[in-house]
Amino acid sequence: MIILAIETSCDETSVAVVREGVVVTNLVASQIQLHAEYGGVVPELAAREHLKNLAPMVRTALAAAGVTPAELDALAATRGPGLPNALLVGLKAAQGMAFALRKPFLGIHHHEAHLFSPWITGDPPRGDFAAFVPNISLIVSGGHTMIVHVDSEVKHRVLGATIDDAAGECFDKAAKLMGLAYPGGPEIDRLARRGNPAAIAFPRPLLRDTHDDFSFSGLKTAVRYHIRDHPATLASGPQLCDLCASVQAAIVEVLVTKTVRAARRRGLRCITASGGVTCNQSLREALTRACAKEGFQLRLASRALCTDNAAMVGLLAERKLLHGVPTTDLDAEILPGWALP
Ligand code: KG4
Ligand code: ZN
């Protein structure tokens, strides 16, 4: 089966061609530079950029894969959740192509695609679904933080999510308070490597609670108060690194502790993680240490596939079609607030 997949839920335009479980092409055009000057994603600009990039990227992806439109077996696109106008560009383009080519179309849930990105490995990347085992999956991005019990490729249940800010949002907002460039997560990651994570005792929100929900807005406020009370911190390189390391340590400890606890409680011995924040070096190391200690298997999405991409959309679409999941109507609308079941 050959599938062309499109992802435009936020600020990355991505087009992939997948064939028999293998990612043949995965093009990603990041808009980070465009939004950086505004300190965050501007939805209208994101949609216009998708519109500008999409058609040439589809042509390039097909040419790079050596596939003609007529050879496609199906089309797929992210249907939600995400920024409405951004989603609209990718979904309607894929539905239009499916209509013109008389091929089936599948609208994919963005987080469900993230759930399967840790099972994509190798070069060229392929879906390692033979190795799949039920797992507890941590999705951590700029918009979402959730713990999901994944039973199979088509069966999962959300156990908990953030009740306010997402983990990536906390990284980005803390970085903004420190005067760092957008997106702040990678900047904090970089500076934290030279800092002392025990320098400042920031709160670990909801760490002791036995449920699987998160809350990060209080941590961001604690950073604001720390900077207000210690303004010299930002002028000193070593103190700024200590601040970054301490904020990062609080976020990472909460994420890792709650994910491991959820797996233990449910008797699952595999943890997976995906989403932009999974690029964070300290989070990757802490999850690796915790899983080694518990004797758990760990699957981290590769850095290239942590952030938004169409490869995960295409591979999941292929699995769903092979499982006999019904296709999506060609006039189906975007679902910007689509909750993961
Ligand atoms: O998954 P993603 O690309 O887009 C969303 O769907 O949100 O995630 C972007 C988020 C941003 O908040 C960014 O700061 C964060 O991921 N991020 C990081 C790192 N790389 C990206 N956070 C911490 N450390 C990193 N190395
Ligand atoms: Zn995402």
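Start at 1 and go down the list; that is how both ligands and their atoms are numbered.
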Query - Sub-4.0 Å atoms of ligand 1 with respect to non-hydrogen atoms of Ser141 - result: 1 (O), 5 (C), 6 (O), 7 (O), 8 (O)
Requested in this report: Let me see the working for Ile136 and Val148 under side chain to side chain contact (heavy atoms under 4.5 Å, CB included), right down to the final yes or no.
Outcome: CA-CA 6 Å; Ile136 288 292; Val148 187; over 6 Å; no
Query - Interfacing atoms of ligand 1 (cut-off 4.0 Å, heavy-atom, Thr307) - result: 3 (O)
Query raised in the report: Does the N or O separation between His114 and ligand 1 drop below 3.5 Å for any pair?
Result: no
Requested in this report: Please check if any side-chain donor atom of Asn280 sits under 3.5 Å from a side-chain acceptor atom of Gln248, or the reverse.
Outcome: yes
Query raised in the report: Looking at atom 15 (C) of ligand 1, what's its closest protein heavy atom, distance included?
Result: Val277 CG2, 3.9 Å
Query raised in the report: What atoms of ligand 1 come within less than 4.0 Å of a heavy atom belonging to Cys279?
Result: 20 (N), 26 (N)
Requested in this report: Tell me, please: is Gly143 in heavy-atom contact with ligand 1, that is, under 4.0 Å?
Outcome: yes
Query - Angle at the Zn ion (ligand 2) (to 10°), with one arm to NE2 of His114 and the other to OD1 of Asp308 - result: 90°
Query raised in the report: Is the distance between the ring centroids of His149 and His156 under 6.0 Å?
Result: no
Query raised in the report: Which residue owns the protein heavy atom closest to atom 12 (O) of ligand 1, what's the atom, and how far is it?
Result: Asp172 OD2, 2.6 Å
**Report entry** His110 near the Zn ion (ligand 2) via N/O/S, less than 2.8 Å
**Finding:** yes
Report task. Would you please say whether a donor-acceptor pair under 3.5 Å links the side chains of Asp165 and Ser217? Result -> no
Requested in this report: Starting from atom 10 (C) of ligand 1, locate the nearest protein heavy atom and write down its residue, its atom name and how far away it is, to 0.1 Å.
Outcome: Gly142 N, 3.4 Å
Query raised in the report: Can you tell me which residue and heavy atom of the protein come closest to atom 17 (N) of ligand 1, and the distance to 0.1 Å?
Result: Gly276 O, 3.6 Å
Requested in this report: Look at atom 24 (N) of ligand 1 and find which of Val28, Ile188, Asn280, Asp308 reaches it with the closest heavy atom.
Outcome: Asn280
Query raised in the report: Can Thr68 and Glu71 be counted as having a side-chain donor-acceptor contact under 3.5 angstrom?
Result: yes
Report task. Pull out every atom of ligand 1 sitting under 4.0 Å from any heavy atom of Asp189, numbered as shown with elements. Result -> 24 (N), 25 (C), 26 (N)
Report summary line: Closest heavy-atom approach to atom 25 (C) of ligand 1 among Ala192, Cys306, Gly185 is made by Gly185
Query raised in the report: With no hydrogens and no angle check, do the side chains of Thr78 and Ser9 hold a donor and an acceptor under 3.5 Å apart?
Result: no
Query raised in the report: Do Gly168 and ligand 1 have an N or O pair less than 3.5 Å apart?
Result: yes
Query raised in the report: Could you give all pairs that pass the side-chain hydrogen bond (donor to acceptor under 3.5 Å, both in side chains) test and reach residues 88-106, with sequence neighbours left out?
Result: Lys92-Gln95
**Report entry** Side-chain donor-acceptor pair present, His114, Asp308, cut-off under 3.5 Å
**Finding:** yes
Query raised in the report: Salt bridge check: are Arg193 and Asp189 linked by an N-O gap of less than 4.0 Å?
Result: yes
Report summary line: Heavy-atom closest pair (His110 atom, Glu7 atom, distance to 0.1 Å) is ND1-OE1, 3.2 Å
